Amino acid sequence: MSPKIWLITGASTGLCRNLTEIILEKGDIAVATARRPDTLSDLSSKYPSDRLLVLKLDVTVPQDIPRTFAAIKEKFGRLDVVFNNAGTTLVNNVDAHLAQEAVNFMQEVNPSGVGGRINLQHSSVAGIEGASTLDGLSEAFAVELDPAWNIKISIVSSGPFDTRIFTKGHWPPSHPAYDAPTARLAGLKRFYGSFVPTGDPRKGMEAVYKLASLEDPPLHFPLTKTSSEGYKAKAAPRGGREVRVVVRELG
């Protein structure tokens, strides 16, 4: 079996750094992107260019995205898995453009019917209970994709892993109405301001690596007990209308 080619956004630190290392250790190929490629210089010195391609990508810069996929096409000619996780704790402008480009690449560039075994989107626990834009986009893709393309999408909900996300998280400007003490956004800011994560990021990303090998991956994939409980709460009846969420965890 040929090695899988992965695109990992935000690969310089945290969960994605762990996933990049696992991918390389397992013998697969990593296209690791970061706003500052030099943060991956230690891996570049360890692995040859046919195993690790490091690219500059800032998902807030629209022209960076097509350049990234053009480089992947030129270097490898295909793309098997995308782990889309470039960002901070909460952002207003999610990288939806990159997700759409990934679907287009898998449908148009990969051999017919090969598609992408899994297109992984990364969601916060907060996104489970609310109307997360990225989650909603992923769900829409999953419904609208032609099954013949063989592109599978999973929404990975991480939970409280011990990474820098809780210390470098960026809160963009919000409308004053949402800063009221009783507003949900204000509550989330208080929560993240004092929260101490304990989850092992390496263990979580090992589960994500296994997820990419499933023939029929779940749409929603909680990595921790905290995210599982979030899905259960969302699935509970609300106002007489039951919300059904399919949840599957890897052992």
Side-chain angles (χ1 to χ4, degrees), residues 5-25 28-76 79-106 116 119-124 126-127 132-135 137-138 155-158 161-174 189 192 197 201-202 204-205 208-209:
I5 300 172
W6 292 67
L7 168 62
I8 312 99
T9 62
S12 59
T13 60
L15 294 175
C16 288
R17 171 64 186 231
N18 279 270
L19 179 59
T20 301
E21 293 175 356
I22 291 168
I23 289 166
L24 293 167
E25 291 166 8
D28 283 349
I29 297 169
V31 179
T33 71
R35 286 179 292 178
R36 292 178 50 228
D38 60 289
T39 58
L40 294 163
S41 59
D42 59 321
L43 290 181
S44 296
S45 64
K46 184 177 179 181
Y47 293 95
S49 60
D50 61 347
R51 292 285 319 286
L52 172 63
L53 176 62
V54 176
L55 299 174
K56 181 182 184 301
L57 171 61
D58 183 340
V59 295
T60 66
V61 179
Q63 58 267 32
D64 276 8
I65 296 173
R67 282 201 294 257
T68 296
F69 285 94
I72 295 171
K73 181 179 179 180
E74 180 180 359
K75 180 72 174 179
F76 300 112
L79 178 62
D80 301 307
V81 187
V82 173
F83 191 66
N84 186 19
N85 185 38
T88 50
T89 307
L90 288 176
V91 293
N92 285 338
N93 182 22
V94 298
D95 41 347
H97 187 189
L98 189 141
Q100 182 64 67
E101 287 286 339
V103 170
N104 292 343
F105 188 104
M106 291 178 175
N119 187 322
L120 294 172
Q121 308 293 337
H122 185 268
S123 166
S124 68
S132 168
T133 305
L134 188 54
D135 286 10
L137 175 67
S138 303
I155 303 171
V156 179
S157 299
S158 62
F161 285 101
D162 187 10
T163 69
R164 290 177 55 204
I165 190 70
F166 290 95
T167 58
K168 72 170 185 176
H170 171 63
W171 295 95
S174 58
K189 289 181 178 180
Y192 280 112
R202 171 86 186 192
M205 291 302 96
V208 167
Y209 183 83

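Because the structure is predicted, anything quoted here is derived from the model rather than measured. Here, residue 1 is the first one in the sequence, and each next residue gets the next number.
Looking only at side-chain heavy atoms (C-beta outward), L52 and S44 come within less than 4.5 Å of each other. Between L98 and T9, some side-chain heavy-atom pair lies under the 4.5 Å cut-off. Contact check for I23 versus I8: side-chain heavy atoms found under the 4.5 Å cut-off. Residues I29 and D50 form no side-chain contact, since every pair of their non-hydrogen atoms from C-beta on lies 4.5 Å or further apart. The side-chain heavy atoms of L57 and R35, taken from C-beta on, include no pair separated by under 4.5 Å.
Scanning for side-chain hydrogen bond (donor to acceptor under 3.5 Å, both in side chains) contacts around D28 gives W6, Y209, with sequence neighbours left out. For R51, there are no side-chain hydrogen bond (donor to acceptor under 3.5 Å, both in side chains) partners, not counting sequence neighbours. For D38, the side chain to side chain contact (heavy atoms under 4.5 Å, CB included) partners two or more places apart in sequence, or in a different chain, are R36. Every side chain to side chain contact (heavy atoms under 4.5 Å, CB included) that A34 has, sequence neighbours left out, goes to S12, T39, L40.
Note that CG of L7 and CG of L55 are 8.0 Å apart. Values are rounded to the nearest 0.5 Å. Taking OG1 of T13 as the reference point, atom CG of N18 lies at 9.5 Å (rounded to 0.5 Å). Between the CD atom in Q63 and the CG atom in D58 there is a gap of 9.5 Å [rounded to 0.5 Å]. Expressed to the nearest 0.5 Å, how far CG of L24 lies from CD of E21 amounts to 8.0 Å. Note: T68 OG1 to K73 NZ = 15.0 Å, rounded to the nearest 0.5 Å.
Listed here is the closest heavy atom pair of S49 and F76: O-CZ, 4.2 Å. Minimum heavy-atom separation, M205 to L15: CG-O, 3.1 Å. Pairing each heavy atom of A32 with each of A11, the nearest pair is CB-CB, 3.7 Å.
Each ring-ring contact (aromatic ring centres under 6.0 Å, His included) pair with one or both residues in residues 41-75, not counting sequence neighbours, appears once here: F69-F105. Among residues at least two apart or in separate chains, there is no salt bridge (charged side-chain N to carboxylate O under 4.0 Å, His left out) pair with a member in residues 7-16.
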Item to complete: Start with the C-alpha gap between M106 and V82, add the side-chain angles, then the distance that decides, and say whether side chain to side chain contact (heavy atoms under 4.5 Å, CB included) holds.
Response: CA-CA 10 Å; M106 291 178 175; V82 173; 3.7 Å; yes

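Judged by distance alone, with hydrogens and angles left aside, the side-chain atoms of T20 form no donor-acceptor pair with the main-chain N or O of A30 at under 3.5 Å.
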